[in-house]
Amino acid sequence: MYYVNREQIARRLAAVPEVAEGLRRASQAWDGSLMLGLVQERCLHLAIEIVTDVGSYLIDGFIMRDASSYDDIIQINHEEKVFDHATYEVLSRLVSLRKPLVQDYYSWERSQLHPLSSDLPGVLEHFSHQVNTYVEKELGPFQTTQAEGQSKE
């Protein structure tokens, strides 16, 4: 029996709409300003954290092979058919940005619209749907516990 932490996966996927909206708005209103540059930067960073956190929960819960890197997390999930190849390609490009965003932030070009910023919102939403579909296919529908205050019979 697998123990997949569906609640933690759901919490992370719940952040996708806000990150996608941030990227959409930044892309549509792009003017090279510091403010939009920082919005883009933070949204890209959050997108990386979402996909790698969710991927790690799936790897641990479904006892997939161990990941040795952020890129490996994405590759393993793709190999296990959590998401399609088109999603894999975009997410691989996304996770390659982690080091520049987190460690080399001082040299990140904030005045430029990153090519992923326009495409990523739809890909993140599709990723979220594919993850939910995969988990449901493997484990069945998500069963919530009884609401507090209700008696168990």
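Please read these numbers as outputs of a predicted model, since none were measured by experiment.
Salt-bridge check for Arg93 with Glu89: failed, with every basic side-chain N at 4.0 Å or more from each acidic carboxylate O. Arg65 has a carboxylate O that lies under 4.0 Å from a charged side-chain N of Glu79, or vice versa, which qualifies the two as a salt bridge.
Follow the hydrophobic side-chain contacts under 4.5 Å out from Leu97 and you reach Leu124 in the same cluster. In terms of hydrophobic clustering, with Ile, Leu, Val, Met, Phe, Trp and Tyr side chains grouped at heavy-atom distances under 4.5 Å, Leu38 and Leu101 are assigned to different clusters. Residues Leu23 and Met35 fall into different hydrophobic clusters, defined by Ile, Leu, Val, Met, Phe, Trp and Tyr side chains chained together at heavy-atom separations under 4.5 Å. Linking ILVMFWY residues whenever their side-chain heavy atoms come closer than 4.5 Å, directly or via other members, places Ile59 and Ile63 in the same cluster. Hydrophobic cluster membership is shared by Val54 and Leu139, with clusters built from Ile, Leu, Val, Met, Phe, Trp and Tyr side chains linked at under 4.5 angstrom.
At least one donor-acceptor pair closer than 3.5 Å links the side chain of Ser56 to the backbone N or O of Thr52. At least one donor-acceptor pair under 3.5 Å links the side chain of Asn5 to the backbone N or O of Gln8. The backbone N or O of Ser27 lies less than 3.5 Å from no partner atom in the side chain of Ser117, so there is not a single donor-acceptor pair.
With a 4.5 Å cut-off on side-chain heavy atoms, Val19 and Val16 do not count as touching. Within the 4.5 Å cutoff, side-chain heavy atoms of Trp108 are placed close to those of Leu44. Looking at Val90 and Asp119, their side chains never come closer than 4.5 Å, going by heavy atoms from C-beta outward. Residues Tyr70 and Lys99 fail the side-chain proximity criterion, which asks for heavy atoms closer than 4.5 Å. Considering only heavy atoms from C-beta on, Tyr105 comes within 4.5 Å of Glu41 through its side chain. By the 4.5 Å heavy-atom criterion applied to side chains, Ser69 and Ile73 are not counted as neighbours. No side-chain heavy atom of Leu91 sits under 4.5 Å from any side-chain heavy atom of Val95. Between Tyr88 and Asn77 there is no side-chain heavy-atom pair separated by less than 4.5 Å.
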Requested in this report: Decide side-chain contact (heavy atoms from CB on, under 4.5 Å) for Thr87 and Gln130; before the verdict, give the C-alpha distance in whole Å, the side-chain angles of both, and the deciding distance to 0.1 Å.
Outcome: CA-CA 9 Å; Thr87 302; Gln130 290 179 100; 3.0 Å; yes
Query raised in the report: Would Arg12 and Glu49 satisfy salt bridge (Lys or Arg N to Asp or Glu O under 4.0 Å), going step by step from the backbone distance to the final call?
Result: CA-CA 9 Å; Arg12 279 145 181 86; Glu49 298 305 314; over 6 Å; no
**Report entry** Tyr57 vs Arg6, side-chain contact (heavy atoms from CB on, under 4.5 Å): CA-CA, chis, key distance, verdict
**Finding:** CA-CA 8 Å; Tyr57 277 114; Arg6 288 174 144 186; over 6 Å; no
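Between the side chains of Ser33 and Asp31, at least one donor-acceptor pair of N or O atoms lies under 3.5 Å. There is no side-chain donor-acceptor pair under 3.5 Å between Gln28 and Arg24. A side-chain donor from one of His126 and Asp84 sits under 3.5 Å from a side-chain acceptor of the other. Looking at Gln75 and Ser92, their side chains never bring a donor and an acceptor atom within 3.5 Å of each other. Side-chain atoms of Glu109 and Ser111 include a donor-acceptor pair closer than 3.5 Å.
Here CZ of Phe83 is found 14.5 Å from NE2 of His129. Values are rounded to the nearest 0.5 Å. One finds the CD1 atom of Ile74 at 7.5 Å from the CG atom of Leu94 (value rounded to the nearest 0.5 Å). Atom-to-atom distance recorded for Asp72:CG and His78:NE2 is 13.5 Å, nearest 0.5 angstrom. Atoms CD1 and CG, from Ile48 and Asp53 in turn, are 11.5 Å apart once rounded to the nearest 0.5 Å.
Shortest non-hydrogen contact noted between Ser118 and Leu113 is OG-CD2, 4.1 Å. Heavy atoms only, all atoms of each residue included: Glu125 and Ala20 are closest at OE2-CB, 3.7 Å. Pairing each heavy atom of Val51 with each of Phe127, the nearest pair is CG1-CE2, 3.7 Å.
Here Tyr134 and Phe62 bring their ring centres to under 6.0 angstrom of each other.
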